[in-house]
Amino acid sequence: MSIKKALLVACTALSLGFGAANTAYAAMADGVTADPVVLKGDVLVEKKVVENGAETIKLVEPASVVPGDRLLFRTRYSNTGKSAVDAFVVTNPVPTAVTVAAPSTDALEVSVDGGKAFARLGQLSLADGKGGMRRAVATDITHIRWTIPQIAPGASGSLEYHAVVR
């Protein structure tokens, strides 16, 4: 499968998966019942454009992507209920066609083992294949997780990270 196709399949799966998984994510938030938090994911590509002689970067829908393109993965959330939702957890798999880009790697809670354990990237390590361990790097990231302390009734926001197409 081409990088473009793999990325678009992964992005489509993520976007489509959010709608179907809203209650699954909400159930993870309190472990008992589904809360009224709605999630919507999208992916945008950064494109350099020249306007009035000045180069700027615009975020646009990706018609196509190539290795080296920088992407913004965004998850928007909103609490449509009448009660606050506490300790809401959102976990996103990172598509294999991309690698998480700085500065996102410094600020996020990530997993390098398929979502089993989470920490800051600098705190994680992996087997080096020679019987030892090595420090995890951005290309090892498999999942990203955010914990939103509280989402008030009617509140909304977004979570995002940057990635580069491999």
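Scored by the side chain to side chain contact (heavy atoms under 4.5 Å, CB included) test, Val50 finds no partners at all (sequence neighbours excluded). A search for side chain to side chain contact (heavy atoms under 4.5 Å, CB included) contacts involving Glu51 returns Val49, Thr56, Lys58, not counting sequence neighbours.
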Checking Phe88 against Leu39 for the side-chain contact (heavy atoms from CB on, under 4.5 Å) test, could you report, in this order, the C-alpha distance in whole Å, the side-chain angles of both residues, the deciding distance, and whether it holds?
CA-CA 11 Å; Phe88 190 80; Leu39 299 174; 4.1 Å; yes
Please determine whether side-chain contact (heavy atoms from CB on, under 4.5 Å) holds for the pair Val94 and Ile144, giving the CA-CA distance in whole Å, both sets of side-chain angles, and the decisive distance to 0.1 Å.
CA-CA 7 Å; Val94 175; Ile144 296 174; 3.8 Å; yes
Tyr77 vs Val90, test: side-chain contact (heavy atoms from CB on, under 4.5 Å). Steps then yes/no.
CA-CA 10 Å; Tyr77 62 89; Val90 179; 5.8 Å; no
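Taking every heavy atom of both residues into account, Gly81 and Pro153 meet most closely at O-CB, 3.4 Å. Summarising the geometry of Val98 relative to Leu71, their closest heavy-atom pair is CG1-CD1, 3.9 Å, with the distance given to 0.1 Å. Among all heavy-atom pairs drawn from Asn79 and Pro36, the shortest one is OD1-CG, 3.5 Å. Taking every heavy atom of both residues into account, Lys47 and Asp69 meet most closely at NZ-OD2, 3.9 Å. A pairwise comparison of heavy atoms in Phe73 and Ala163 identifies CE1-CB, 3.8 Å as the closest pair. The two residues Ala101 and Val164 have their closest heavy-atom pair at CB-CG2, 3.8 Å.
Under the 4.5 Å side-chain heavy-atom criterion for ILVMFWY residues, a single connected hydrophobic cluster contains both Trp146 and Val100.
For the pair Arg76 (side chain) and Ser156 (backbone), a donor-acceptor distance under 3.5 Å is absent.
Contacts classified as salt bridge (Lys or Arg N to Asp or Glu O under 4.0 Å) and involving residues 142-161 (residues at least two apart or in different chains) are given here: Glu109-Arg145. Listed by first and then second residue, the salt bridge (Lys or Arg N to Asp or Glu O under 4.0 Å) pairs involving residues 124-137 are Arg134-Asp140 (not counting sequence neighbours).
Other residues sharing a hydrophobic cluster with Phe118 under the 4.5 Å side-chain heavy-atom criterion for ILVMFWY residues do not exist; the residue is a singleton. Here Leu44 is tied into one hydrophobic group with Leu59, Leu72, each link being a pair of ILVMFWY side chains closer than 4.5 Å.
Once rounded to the nearest 0.5 Å, the distance linking OG of Ser111 with CG of Asn92 reads 12.5 Å. Note that CZ of Arg74 and CG of Leu159 are 11.0 Å apart. Values are rounded to the nearest 0.5 Å. Atom CE of residue Met133 and atom CG of residue Leu126 lie 6.5 Å apart, to the nearest 0.5 angstrom. Rounded to the nearest 0.5 angstrom, Leu121 CG and Gln123 CD are separated by 9.5 Å. To the nearest 0.5 Å, atoms CD1 (Ile151) and OG1 (Thr80) are separated by 10.5 Å. Remark: Leu124 CG to Asp113 CG distance equals 8.0 Å, nearest 0.5 Å.
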